[in-house]
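The next block holds one structure in the form of structure tokens; read it before the comments.
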Amino acid sequence: MTTLEYNTCVDKYADAVFRFILKNIKDEEKAKDVVQDSFTKMWEKKKSIEGKKAKSYLFTAAYHTMIDNIRKDRKSTVDETFIERHNSNTNHYSDLKEVLDIALDTLPDIQKSVVLLRDYEGYSYKEIGSIVNLNESQVKVYIYRARVALKNYIGSMEMVI
């Protein structure tokens, strides 16, 4: 990968990577750090990355960096907001986006990531598989399970509105 290809990659994909990470971890500053770390890793390995595979490498690096940060945070602190969210699930909401965000937060990390990559970012099953180190069949299974869990969590639209 040349410096020009790297800079083009930054211009084209920085926003998409940031959106993906932010949607997963819900902390803008941490998301910025993950994106920065991902581009740093890419820069350090730019000689071994093909220009055509830069996008895939970038999302893979961002995903793994995000997972590392999540694991580190879980070891150091207890998530108090989980108890809050769990207790507030019986409320009725009129904001569908808020309901969907809360529902996404109930999913395991891998399911949340594959659903976001597929439904929010529009990646193919093959691309998602290369990002999260799964084969296409596994990706499809995780997406299916996540969608079923989301459907069960949200329930009928009458309960939301």
Side-chain angles (χ1 to χ4, degrees), residues 9-10 12-28 30-39 41-42 49-75 79 81-161:
C9 186
V10 170
K12 287 176 77 173
Y13 305 121
D15 290 338
V17 172
F18 177 73
R19 282 192 316 269
F20 169 65
I21 299 300
L22 182 62
K23 197 74 171 163
N24 272 289
I25 61 176
K26 306 273 191 263
D27 184 333
E28 195 169 324
K30 286 182 182 179
K32 287 178 183 178
D33 290 342
V34 168
V35 172
Q36 184 64 43
D37 290 345
S38 302
F39 277 110
K41 289 177 184 177
M42 188 174 190
I49 302 170
E50 291 180 42
K52 294 177 186 176
K53 299 195 180 208
K55 178 180 177 183
S56 177
Y57 180 87
L58 179 61
F59 272 87
T60 302
Y63 172 77
H64 289 293
T65 303
M66 175 189 72
I67 294 299
D68 290 345
N69 285 344
I70 289 170
R71 287 179 181 154
K72 191 184 328 175
D73 288 346
R74 283 188 183 158
K75 286 180 182 178
D79 186 10
T81 58
F82 174 76
I83 296 168
E84 251 179 68
R85 277 189 239 133
H86 189 274
N87 291 337
S88 69
N89 286 344
T90 57
N91 296 337
H92 295 280
Y93 293 100
S94 60
D95 186 4
L96 186 57
K97 183 185 178 322
E98 181 181 352
V99 171
L100 188 55
D101 286 343
I102 292 169
L104 281 168
D105 286 341
T106 65
L107 296 175
D109 291 336
I110 187 68
Q111 288 181 4
K112 183 177 179 180
S113 295
V114 296
V115 164
L116 290 173
L117 285 169
R118 178 71 180 174
D119 296 336
Y120 282 79
E121 298 297 330
Y123 285 97
S124 70
Y125 295 119
K126 187 175 184 177
E127 290 173 318
I128 295 169
S130 69
I131 291 170
V132 297
N133 291 331
L134 298 171
N135 65 43
E136 283 185 61
S137 297
Q138 290 171 313
V139 169
K140 289 177 184 179
V141 167
Y142 280 123
I143 289 173
Y144 172 77
R145 289 178 182 167
R147 288 177 179 164
V148 168
L150 290 172
K151 181 180 175 186
N152 290 337
Y153 181 86
I154 294 172
S156 66
M157 287 304 291
E158 291 80 30
M159 295 300 290
V160 175
I161 298 175

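Worth saying up front: this structure is predicted, and the values here are computed from it rather than measured. All heavy atoms count here, side chains included; hydrogens, waters and symmetry mates do not.
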Exercise. Is any side-chain heavy atom of Y153 less than 4.5 Å from a side-chain heavy atom of I102?
Worked result: yes

Seminar exercise, completed: dist H64:NE2 -> D37:CG (nearest 0.5 Å) comes out at 14.5 Å

Exercise. Taking all non-hydrogen atoms of both residues, which atom of S113 and which atom of M66 are closest, and how far apart?
Worked result: OG-CE, 3.8 Å

Exercise. How are the rings of Y123 and F59 set relative to one another: parallel (under 30°), tilted (30 to 60°) or perpendicular (over 60°)?
Worked result: perpendicular

For this session: Kindly indicate, with the supporting measurements, whether the criterion side chain to side chain contact (heavy atoms under 4.5 Å, CB included) is fulfilled by K140 and V114.
Result: CA-CA 9 Å; K140 289 177 184 179; V114 296; over 6 Å; no

Problem set entry | Check: K55 side chain, K52 main-chain N or O, donor-acceptor pair, under 3.5 Å | no

For this session: Would you mind reporting whether R145 and V148 have side-chain heavy atoms less than 4.5 Å apart?
Result: no

Problem set entry | Sole residue of V34, D27, I25 in side chain to side chain contact (heavy atoms under 4.5 Å, CB included) with N69 | V34

For this session: Measure the CD1-CZ distance between I128 and R118 for me, rounded to the nearest 0.5 Å.
Result: 6.0 Å

Exercise. So does Y144 have more than 12 non-hydrogen atoms from other groups sitting under 6.0 Å from OH?
Worked result: no

For this session: Could you check if a side-chain atom of K32 sits within less than 4.5 angstrom of a side-chain atom of I21, using non-hydrogen atoms only?
Result: no

Problem set entry | Pairing residues for D33 by the salt bridge (charged side-chain N to carboxylate O under 4.0 Å, His left out) criterion, not counting sequence neighbours | none

Problem set entry | Worked check of side chain to side chain contact (heavy atoms under 4.5 Å, CB included) between L116 and L104 | CA-CA 9 Å; L116 290 173; L104 281 168; 4.0 Å; yes

For this session: Check S130 against S56 and note the closest heavy-atom contact, atom names and distance.
Result: OG-OG, 3.2 Å

Exercise. Heavy-atom count around K12 NZ within 6.0 Å, excluding the residue itself: above 12?
Worked result: no

Problem set entry | Distance (rounded to the nearest 0.5 Å) between R19 CZ and E121 CD | 4.5 Å

Exercise. Out of curiosity, N24 CG to I70 CD1, how far, rounded to the nearest 0.5 Å?
Worked result: 6.0 Å

Seminar exercise, completed: Shortest non-hydrogen pair, A62 vs V17, comes out as CB-CG1, 3.6 Å

Seminar exercise, completed: Residue set satisfying side chain to side chain donor-acceptor pair (under 3.5 Å) with T60, at least two apart, ordered chain then number -> none

Exercise. Roughly how far, to the nearest 0.5 Å, is CG of L58 from NZ of K41?
Worked result: 11.0 Å

Seminar exercise, completed: Rounding to 0.5 Å, atoms CZ (F39) and SG (C9) come to a distance of 5.5 Å

Exercise. OH of Y142: more than 12 outside heavy atoms within 6.0 angstrom?
Worked result: no

Exercise. Are more than 12 heavy atoms from other residues, nucleotides or ligands located less than 6.0 Å from atom NZ of K30?
Worked result: no

Exercise. Can you tell if the side chain of L117 reaches within under 4.5 Å of the side chain of V132, non-hydrogen atoms only?
Worked result: yes

Seminar exercise, completed: Between L107 and A149, the two heavy atoms sitting closest are CD2-CB, 3.6 Å

Problem set entry | Non-hydrogen atoms of A54 and I49 that approach each other most closely | CA-CG2, 4.1 Å

